Amino acid sequence: MKYAYLGKSGLKVSKLCLGTMNFGPETDEKESFRIMDAALDAGVNFFDTANVYGGQGNRGRTEGIIGRWFAQGGGRREKVVLATKVYGDMENPLDGPNQSRGLSAYKIRRHLEESLRRLQTDHIELYQMHHVDRNVTWDELWEAFQVYVNQGKIGYVGSSNFAGRDLVKAQYEAKARHTLGLVSEQHKYSLLCRLPELEVLPAAEEHGIGVIAWSPLDGGLLGGNALKASGGSRSTRSQERVEANRDKLEQFGKLCREVGESEANVALAWTLMHPAMTAPIIGPRTLEQFLNTLRVVDINLTEEVMKRLDEIFPGPGGEAPQAYAW
């Protein structure tokens, strides 16, 4: 496994991040345990989850599975750089009007304590805002997070789904408080979703924020099986997306066969070619899927392959404003 510093921090994480969203809804506890054990054996030390993962009516279930895996001992907790998130509705009626999505200091306190309990740990290495909440001031946010950093309950603060302007504002306000600020931004990024190249990725790179790509296979569309699945096995929306991108996916599959790598691994390796990228999130449902992904960090896409990928999946044209101005 290969490792990188997480943004401007001194924390080293694997260049593949194990996403756990399938643990519970798609993958049972026994198989989830097998995947996490295999991850540690392979040197994958970066695990990502969220308090809302687990499925409708079962939010928190995924954190609970991870907590029970930690409870087995054997150095499992000590070897993992653990990331979870706060923002969503946990379907807890006791939260009253504060049950809805958001990032108040009140909500951060309550949801952090609940995550620690489910995860069976006393600290979280990376605590991430799952979405931006522009109804909350950065005075409130940084004061709330600093309390838990000082208490040792969280090590670093990250964001997810932030616009470029939000990343810059966060770092400006943190600097005014003489605090570290954000060390990561988890953002949707794939060959089919290159809009972040305009603003988010340049802002992250400039301000020392490591980017973690979520949905790097774009909901499975880049995974190699999208063109093989029968119409009846897909939702109407998924089927429409496949048809809208059929030509691109066919060209992509041909290129990957020439390269000698699977579509999924090429798509993941492509994300790592961007200098702002720390790691793509892989979300295996089975142990086999996980093992097939490990070689991604050793795939080096040539300049010619990168050029052909640009031709198949055109980006926005570079960074803003040069991408759309003289």
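These numbers were taken from a predicted model, which means no experiment stands behind them.
In this structure, E263 contributes its side chain and L222 its backbone to no donor-acceptor pair below 3.5 Å. No donor-acceptor distance shorter than 3.5 angstrom exists from the side chain of Y127 to the backbone of Y148, with no hydrogens or angles considered. Under the 3.5 Å distance criterion, the side-chain polar atoms of E140 are left unmatched by any main-chain donor or acceptor of T137. Judged by distance alone, the side chain of S160 and the main-chain N or O of Q186 form a donor-acceptor pair under 3.5 Å. Distance alone, capped at 3.5 Å, is enough to place a donor-acceptor pair between the T179 side chain and the A174 backbone. Of the possible polar contacts, one joining the D166 side chain to the A163 backbone as a donor-acceptor pair under 3.5 Å is found. Listed for the K107 side chain is a donor-acceptor partner under 3.5 Å among the backbone atoms of G88. Under a 3.5 Å cut-off, the side chain of N45 and the backbone N or O of K12 do form a donor-acceptor pair. R118 contributes no side-chain N or O that, together with a main-chain N or O of G64, makes up a donor-acceptor pair within less than 3.5 Å. In this structure, D133 contributes its side chain and L103 its backbone to a donor-acceptor pair below 3.5 Å.
Between the CD1 atom in I154 and the CD1 atom in I108 there is a gap of 8.5 Å [rounded to 0.5 Å]. Taken to the nearest 0.5 Å, the CD atom of E26 stands 10.5 Å off from the OG1 atom of T62. Between R77 atom CZ and Q120 atom CD the span is 11.5 Å, to the nearest 0.5 Å. Atom CG of L141 and atom OG of S159 lie 11.0 Å apart (nearest 0.5 Å). Note that CG of L227 is 9.5 Å distant from CG of N245, once rounded to the nearest 0.5 Å. Here NE2 of H123 is found 7.5 Å from CG of L82. Values are rounded to the nearest 0.5 Å.
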Counting only pairs under 3.5 Å, give me each side-chain donor-acceptor contact of residues 296-307, with atom names and distances, residues two or more places apart or in other chains.
from, atom 1, to, atom 2, distance (Å)
T302, OG1, V305, N, 3.1

Identify every side-chain donor-acceptor pair in residues 213-220 under 3.5 Å, counting partners at least two apart or on other chains, and give the distances.
from, atom 1, to, atom 2, distance (Å)
W214, NE1, N161, OD1, 3.1
S215, OG, G219, N, 3.1
D218, OD1, R241, NH1, 2.9
D218, OD1, R241, NH2, 2.5
D218, OD2, S190, OG, 3.1

For residues 310-326, dump all side-chain donor-acceptor pairs below 3.5 Å to protein atoms at least two apart in sequence or in another chain.
from, atom 1, to, atom 2, distance (Å)
D310, OD1, R194, NH1, 2.8
D310, OD1, R194, NH2, 3.1

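Side-chain N/O atoms of S115 and E63 include a donor and acceptor closer than 3.5 Å. Using modelled atom types, one finds no donor on one side chain facing an acceptor on the other under 3.5 Å when comparing E113 with H111. Side-chain N/O atoms of E185 and Q128 include no donor and acceptor closer than 3.5 Å.
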Verdict with supporting geometry, R34 and E288, salt bridge (charged side-chain N to carboxylate O under 4.0 Å, His left out)
CA-CA 10 Å; R34 291 178 66 209; E288 181 182 14; over 6 Å; no

Show your reasoning for whether salt bridge (charged side-chain N to carboxylate O under 4.0 Å, His left out) applies to R177 and E173.
CA-CA 7 Å; R177 290 174 164 271; E173 295 288 352; 5.8 Å; no

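A side-chain hydrogen bond (donor to acceptor under 3.5 Å, both in side chains) with T20 holds for exactly one of T27, D48, T49; it is T49.
Checked against the 6.0 Å centroid criterion, the rings of W270 and F252 do not qualify as a close aromatic pair. Under the 6.0 Å cut-off for aromatic ring centres, W138 and F145 do not qualify, their centroids lying 6.0 Å or more apart.
Under a 4.0 Å N-O distance rule, the pair R246/E243 qualifies as a salt bridge.
Remark: R101 fails to qualify as a cation-pi partner of Y87 under the 6.0 Å distance and 45° angle criteria applied to the six-membered ring.
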